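Since the structure comes first, as structure tokens, the remarks are kept for the end.
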Amino acid sequence: MDVSGRTAVVTGAAGGIGAALAAELTTRGARVLLADLDPAVAQTAAGLGQGHWEGDVSSADGVDALLAAARAHLGDVDLYFANAGVGGASGLGDDQDWDLTLEVNLRAHIRAAQRLVPEWTARGAGYFVATASAAGLLTQIGSAGYSVTKHAALAFAEWLSVTYGDDGVRVSVLAPMGVNTKILWGDADNPKTGDALAAQKAVSEAGGVLEPEDVARMVLDSVDREDFLILPHPEVLDMYRMKGSDYERWLSGMRRYQSKLRALAQEG
Ligand SMILES: NC(=O)c1ccc[n+]([C@@H]2O[C@H](COP(=O)([O-])OP(=O)(O)OC[C@H]3O[C@@H](n4cnc5c(N)ncnc54)[C@H](O)[C@@H]3O)[C@@H](O)[C@H]2O)c1
């Protein structure tokens, strides 16, 4: 889909990948509504000459409010980038961690699609871009919640593509390893330790850490070609093939990798 002259909503757009997606969409001639619960979204949007919505997509009311703002600001929504995400707790997490991670990383995608897909199938056009992660194809060492919700977001995107692809609904899923943003490095005043640090190292040591602007360009090139799977780190495809061809060997390799990362995390 050529995004020039189209309308787009990008969630998680205060900074990081979302802000870079909004900037790339702007460069390519789209009208964009940037959404985030971080008030910095206002400044990011103003810098691009685009509109913003400050709010929380982790509830049905939040997604309703976002789409009402989008309709008021943009009219029909042509593209929806479900990009807001949280890192989730380390290890198994507790119920509260799971609730938040599921709501933001998965249910926000489902709720947006429930509201947009009926109008997209009626019009015969619409584009849903989900930001999952390489963790959605492989796993996330150190965080069950992140791993499971990113698998689920990818599964949901697959299902949307299979079910509505013949009705004009396009779907892409972004599955990067490390990208140089807040979610990867965390908060300098609150440094990661233990499994959270191992989780960070699993991403930052496994391949190059890319800049969000480069990832955004790759995403928009893929949207132009209407590719489903967007892999800014091409080695993820090799890892995924290896997992599919010999699951047992992949699992034992991942356990070995985890031991190495835990040792690295202990060193700090
Ligand atoms: N950075 C990486 O290494 C990496 C790798 C793979 C996938 N991802 C995914 O990329 C996406 C974007 O993350 P990022 O790397 O730009 O990090 P980021 O922390 O800069 O961006 C995430 C944004 O989502 C927003 N957000 C979180 N919960 C929200 C909610 N309930 N409602 C509205 N906004 C909310 C945050 O305020 C933040 O601005 C996430 O889904 C993340 O899981 C990132």
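Only a predicted model underlies this, so the values are computations on that prediction, with no experimental measurement involved. Sequential numbering from 1 along the given sequence is applied to the chain's residues. Numbering of ligands and ligand atoms starts at 1, following listing order.
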Atoms in ligand 1 flagged as close to Gly85, the criterion being non-hydrogen separation under 4.0 Å: 22 (C), 24 (O), 27 (C), 40 (C), 41 (O)
Closest protein heavy atom (residue, atom, distance) for atom 15 (O) of ligand 1: Thr181 OG1, 2.5 Å
Ligand 1 contact on Glu103 by region, counting heavy-atom pairs under 4.0 Å: neither
Closest protein heavy atom to atom 16 (O) of ligand 1, given as residue, atom name and distance to 0.1 Å: Ile17 N, 2.7 Å
Donor-acceptor pair between Tyr80 and Thr11 side chains, under 3.5 angstrom: no
For atom 39 (O) of ligand 1, the protein heavy atom that lies nearest, with its residue and separation: Asp36 OD2, 2.6 Å
Identity and distance of the protein heavy atom lying nearest atom 9 (C) of ligand 1: Thr131 CG2, 3.5 Å
More than 12 heavy atoms from other groups under 6.0 Å of CD on Gln43: no
For Gly16, atoms of ligand 1 separated by under 4.0 Å from a heavy atom: 16 (O), 20 (O)
Could you pull out every donor-acceptor pair under 3.5 Å between side chains of residues 228-241 and any protein atom, sequence neighbours left out?
from: His233; atom 1: ND1; to: Met177; atom 2: N; distance (Å): 3.0
from: His233; atom 1: NE2; to: Gly178; atom 2: O; distance (Å): 3.3
from: His233; atom 1: NE2; to: Gly208; atom 2: O; distance (Å): 2.7

Ligand 1-proximal atoms of Val104, by part, heavy-atom distance under 4.0 Å: side chain
Top protein contact for atom 42 (C) of ligand 1, by heavy-atom distance: Tyr146 OH, 3.6 Å
Pair listing, side-chain hydrogen bond (donor to acceptor under 3.5 Å, both in side chains) test, anchored in residues 55-68, at least two apart: Asp56-Ser58, Asp64-Arg115
Test item: side-chain donor near acceptor, Ser133 and Gln140, under 3.5 Å: no
Side chain, backbone, both or neither: Ala132 near ligand 1, heavy atoms under 4.0 Å: backbone
In one Ile/Leu/Val/Met/Phe/Trp/Tyr side-chain cluster, 4.5 Å: Val219, Val32: yes
Lys150-ligand 1 polar pair, N/O distance under 3.5 Å: yes
Exercise: do Trp120 and Asp167 side chains pair donor with acceptor under 3.5 Å: no
Atom CZ of Arg249 with >12 non-hydrogen neighbours under 6.0 angstrom: no
Closest approach of any protein heavy atom to atom 40 (C) of ligand 1, naming residue and atom: Asn83 O, 3.3 Å
From Gly12, Ala35, Gly55 - option closest to atom 33 (C) of ligand 1 by heavy atom: Gly55
From Gln266, Arg262, Lys192, residue fulfilling side-chain contact (heavy atoms from CB on, under 4.5 Å) relative to Leu197: Lys192
Top protein contact for atom 3 (O) of ligand 1, by heavy-atom distance: Val179 N, 2.8 Å
Residue-ligand contact Thr11/ligand 1, heavy atom below 4.0 Å: no
Aromatic plane relationship, Phe156 with Trp159 - under 30° parallel, 30 to 60° tilted, over 60° perpendicular: parallel
Distance from atom 4 (C) of ligand 1 to nearest protein heavy atom, with residue and atom: Met177 O, 3.9 Å
Where ligand 1 meets Ala84 - atom numbers and elements under 4.0 angstrom, heavy-atom basis: 24 (O), 26 (N), 34 (N), 35 (C), 41 (O)
